[in-house]
Trainee: 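What follows is a single structure, and I will ask about it in a moment.
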There are 2 protein chains.
Amino acid sequence: MEKKNNLSTPLQPYESQIMNSVDIIIDINNKDIMLVKRKKDPYAGLWALPGGKQEAFESLQNAVISVIRQRLNLDAYCDFSVFPNKIIFNDLGKEAELHQIRTYDSGTDPRGGNTTVFAVQLLIDKAKFLKAVKPGLNVDEIRIVNKSELPRMAFDHARFVEDYYKYLKPYRDNPKTFDAEKFEKPGVSVDIIIFTVRNNELKVLLIKRKSWPFKGMWAIPGGFVGIKEPLEEAAKRELEEETGVKNVYLEQLYTFGEPDRDPRTRVITVAYYALISSDHLKLQATTDAAEANWFSIDKLPKLAFDHNKILASALERIRNKVEYSNIAFQLLPEKFTLTELQKVYEVILGKKLDKRNFRKRVKEAITIVPLKETKMEGVHRPAQLFSFKEKGGTILKPAKKI
Amino acid sequence: MEKKNNLSTPLQPYESQIMNSVDIIIDINNKDIMLVKRKKDPYAGLWALPGGKQEAFESLQNAVISVIRQRLNLDAYCDFSVFPNKIIFNDLGKEAELHQIRTYDSGTDPRGGNTTVFAVQLLIDKAKFLKAVKPGLNVDEIRIVNKSELPRMAFDHARFVEDYYKYLKPYRDNPKTFDAEKFEKPGVSVDIIIFTVRNNELKVLLIKRKSWPFKGMWAIPGGFVGIKEPLEEAAKRELEEETGVKNVYLEQLYTFGEPDRDPRTRVITVAYYALISSDHLKLQATTDAAEANWFSIDKLPKLAFDHNKILASALERIRNKVEYSNIAFQLLPEKFTLTELQKVYEVILGKKLDKRNFRKRVKEAITIVPLKETKMEGVHRPAQLFSFKEKGGTILKPAKKI
DNA sequence: TCAAAAGTGTTACCCTTACACCCATGG
DNA sequence: CCATGGGTGTAAGGGTAACACTTTTGA
């Protein structure tokens with residue numbers, strides 16, 4: 001980076017009032033943490049890590065020392081040129097390890113600036129330490145709490161502490177103390193195969209990948225599952241993001257988890273498929289350069305990842321399911337003609353059906369009702385419109401049994 | 001080291017004109033480093049790490065991306081919310097690891113401000129990389145040098161690199177790096193519902209939980225998926241651990257991922273079901289105090305987690321599937337009588353079947369062949385033994401169609 | 001000779017499938 | 001009046017389901 005050390009250079013015009021700060025995790029016996037209760041806003045009355053501003057000419061380490069002196073009234077002392085990682089507490093007759101942990105940027109703070117978290121690792125009797133510290137500047141109270149029983153904390157301090165114990169501390173510690181139960185986890189995503197029927201073709205929505213891997217290739221839309229998000233919620237969210245449609249038929253298909261299916265990292269994907277009627281669609285047919293497009297299932301491009309396999313699996317499922325359930329109705333608008341319904345079945349099954357047999361079967365099933373309206377389209381007799389009476393049920397008899 | 005914060009220069013009129021910055025160690029194959037030759041003062045003509053200012057509202061990571069784009073003309077891309085420590089280089093078709101190394105304060109800069117050093121760890125052919133980069137803003141030339149043959153460098157960059165290799169990199173080399181785990185991921189497990197038929201009952205294997213949560217309750221056997229382990233492998237591994245049986249029929253059932261289904265943490269479980277013949281069983285009926293036991297599916301206890309739901313789902317699946325596939329054969333020994341086969345169907349479907357119809361249907365299907373042996377059991381006529389001719393196929397006609 | 005399970009065919013009926021002609025409309 | 005798709009019924013055939021008696025064995 002460019003650091004101007006030419007001091008005669010005129011100063012920059014005032015741009016922003018960035019403030020950097022330090023926060024200190026005072027780690028006592030690798031078990032407890034010292035917290036201070038804030039006297040002033042923001043977060044007055046809440047517990048926090050001791051911390052403070054780094055002055056313009058101050059090093060980070062000196063900022064740490066200042067905080068310890070001001071907030072805790074402890075006579076901390078150091079000689080960083082000799083022992084860069086030691087802090088000596090004169091009142092306690094002890095020395096502590098000082099480690100820089102990580103720098104966080106203040107995502108939402110309009111003042112910008114970064115916060116660097118330090119850890120002061122101290123081995124000492126808890127009571128003795130509590131006796132030595134006295135609440136200082138803007139500190140109401142001082143407390144030592146167990147690391148697994150943290151109170152609600154100001155700013156992102158809970159996260160800082162969590163990161164420290166979870167990821168960063170073990171490296172600083174003896175490597176052998178690394179938490180063995182913290183094993184590596186795969187990522188979990190959902191992919192949604194979105195089917196619709198248009199122009200007498202079964203179509204599926206694909207999106208063009210914008211980045212490596214498989215940049216420029218078409219892929220099934222999907223995304224990662226939030227840590228507290230139910231799988232189906234995640235699928236619905238992705239579906240709505242892509243199509244703007246809510247309340248559609250959505251069903252889990254299969255979970256694909258080959259270790260190398262994503263070259264970035266291990267990603268297990270739970271595939272869902274959705275059926276939406278083309279009249280609900282926001283995204284209509286688009287140009288070839290578009291980022292998302294509908295593809296006829298018999299004119300599919302080569303897809304990214306194992307998406308061809310996933311899509312084939314979805315196709316098989318929908319073809320099976322259409323024969324013994326009423327999912328085909330999901331692909332139709334609210335009012336539809338029997339010919340339209342038949343077309344949906346034909347398109348999904350990929351073969352012609354007999355008109356009279358089809359109508360007989362459909363009418364035997366009580367799930368649809370004729371409306372008083374008809375639909376005029378083209379130069380021929382108008383068609384009777386129908387709608388669904390119920391969502392559940394099947395328009396077919398139960399499967400045969402052994 | 002000690003940094004003097006009482007500089008001889010007079011204080012600036014503004015309280016702070018702090019500028020934070022990032023510097024990037026582009027670590028190629030853990031051997032070489034990419035350097036840029038500075039076009040402008042200070043240090044014009046000297047080699048340096050690529051770096052630049054962190055804007056007031058910019059995160060540190062985004063500052064890194066900006067530098068790579070501006071100085072090296074590389075199409076770097078990232079999605080920190082998903083892969084917090086990955087950078088994707090579209091031009092290279094490669095991804096790199098991004099790690100925060102350390103924050104240095106600028107001892108000599110009157111404006112204060114800190115420099116955070118990042119490492120971009122990239123595995124790529126040197127020549128290919130050199131071909132892709134082009135000197136950008138304020139960069140005269142780009143070079144890749146061996147880490148042990150560094151030229152004289154601007155600012156404190158030589159020290160940054162030294163610290164990186166000497167102290168900081170080893171921690172980051174640990175595969176369980178901080179950033180990789182920053183994005184919280186759910187755990188992924190497999191559960192296996194193991195069915196068998198014995199004593200004319202459909203039974204399922206359950207294990208008694210030895211620890212919190214649900215200590216002492218019965219649960220479906222399962223375990224976590226290894227980071228490089230295919231899902232089905234994991235299921236097979238668990239299955240073999242519990243039963244000692246290999247090469248059994250195993251099928252994925254459904255993936256359960258409610259956020260609160262495991263009180264410990266978010267765990268998404270991919271459920272499988274297995275059908276094994278009771279003659280293969282190592283684990284025979286055991287006492288009530290045992291850690292694993294077979295339970296008749298109509299005498300199930302209340303299970304841990306959402307395992308009752310999972311089991312119900314498996315039962316539904318097996319009942320459906322038995323009607324249009326030959327999975328029932330998986331529950332029988334190699335040689336079996338037709339009555340035994342019929343019992344399996346009856347037990348799974350939970351109802352009596354007609355003997356003559358059943359046999360007619362089975363014999364129409366070509367998947368079984370009569371043996372020359374018979375089976376004598378009890379005081380009655382001996383029964384003809386059969387075996388499977390093929391594993392695939394169905395003993396039933398295809399399902400009816402619309 | 002008796003109990004217990006193995007083994008064997010036929011029929012009625014329902015569901016599936018194949019098939020052809022008239023109707024309503026706009027141009 | 002004609003092209004176009006909407007709308008309707010029947011009959012043959014195949015699969016399903018209901019049903020009862022003989023055979024073989026050991027006690």
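Not measured: the values here are computed from a predicted model. In what follows, chains carry the letters A, B, and so on, assigned in the order in which the sequence lines appear, proteins first and then strands, with residues in each chain numbered from 1.
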Trainee: Could you tell me which non-hydrogen atom of E238(B) sits nearest to which non-hydrogen atom of G223(B), and how far apart they are?
Mentor: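 Taking E238(B) first and G223(B) second, the nearest heavy atoms are OE2-CA, 3.3 Å.
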Trainee: Is the phosphate of dT8(C), meaning OP1 or OP2, less than 4.0 Å from a side-chain N or O of K363(B)?
Mentor: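 For dT8(C), OP1 or OP2 has a side-chain N or O of K363(B) closer than 4.0 Å.
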Trainee: So if I take every side-chain heavy atom of R361(B) and compare against dC19(C), dG9(C), dT16(D), which nucleotide ends up nearest?
Mentor: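 The listed nucleotide nearest to R361(B)'s side chain is dT16(D).
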Trainee: Which parts of nucleotides 22-27 of chain C does protein reach within less than 4.0 Å, heavy atoms only, written one letter per nucleotide 5' to 3' as B for base, S for sugar-phosphate only and - for none?
Mentor: -BBBB-
Trainee: Distance check needed: dC15(C) C1' versus D354(A) CG, whole Å only.
Mentor: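 Computing the D354(A):CG to dC15(C):C1' distance gives 15 Å.
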Trainee: Does E251(B) reach the side chain of K321(B), with side-chain heavy atoms less than 4.5 Å apart?
Mentor: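 Counting from C-beta outward, E251(B) and K321(B) do come under 4.5 Å.
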Trainee: Please determine whether any donor N or O and acceptor N or O are separated by less than 3.5 Å between the side chain of R356(B) and the base of dA18(D).
Mentor: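 Per atom types, no contact qualifies.
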Trainee: Is it the case that the base of dT16(D) and the side chain of K360(B) share a donor-acceptor contact (distance under 3.5 Å, atom types as modelled)?
Mentor: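 Answer is no: no donor-acceptor pair is held.
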Trainee: With sugar-phosphate meaning primed atoms plus P, OP1 and OP2, does T339(B) contact a base, only sugar-phosphate, or nothing at under 4.0 Å between heavy atoms?
Mentor: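 Touches sugar-phosphate only.
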Trainee: Rounded to whole Å, please give me the gap between CZ in R359(B) and P in dT16(D).
Mentor: 19 Å
Trainee: What distance separates R261(B) CZ from I268(B) CD1, expressed to the nearest 0.5 Å?
Mentor: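 The CD1 atom of I268(B) is 9.0 Å from CZ of R261(B), to the nearest 0.5 Å.
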Trainee: Could you pull out the closest heavy-atom pair between P221(B) and I207(B), with the gap in Å?
Mentor: CA-CD1, 3.9 Å
Trainee: Measure CG/N357(B) against P/dT8(C) and give the value in whole Å, please.
Mentor: 14 Å
Trainee: Reading 5' to 3' and counting Watson-Crick or G-U wobble pairs with both distances under 3.5 Å, write the dot-bracket notation for DNA chain C, | for bases paired outside the strand.
Mentor: |||||||||||||||||||||||||||
Trainee: Tell me the closest heavy-atom pair linking A304(A) and M217(A), and the distance in Å.
Mentor: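 Residues A304(A) and M217(A), closest heavy atoms: N-CE, 4.0 Å.
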Trainee: Any heavy-atom pair between the side chains of I193(B) and Y272(B) that's under 4.5 Å?
Mentor: no
Trainee: Tell me whether the side-chain N or O atoms of K355(B) pair up with the base of dG7(C) as donor and acceptor below 3.5 Å, since no angle test is needed here.
Mentor: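 It does, because a donor-acceptor pair links the side chain of K355(B) to the base of dG7(C) below 3.5 Å.
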Trainee: Looking at dC19(C), dG7(D), dA18(D), which one has an atom nearest to any side-chain atom of Q384(A)?
Mentor: dG7(D)
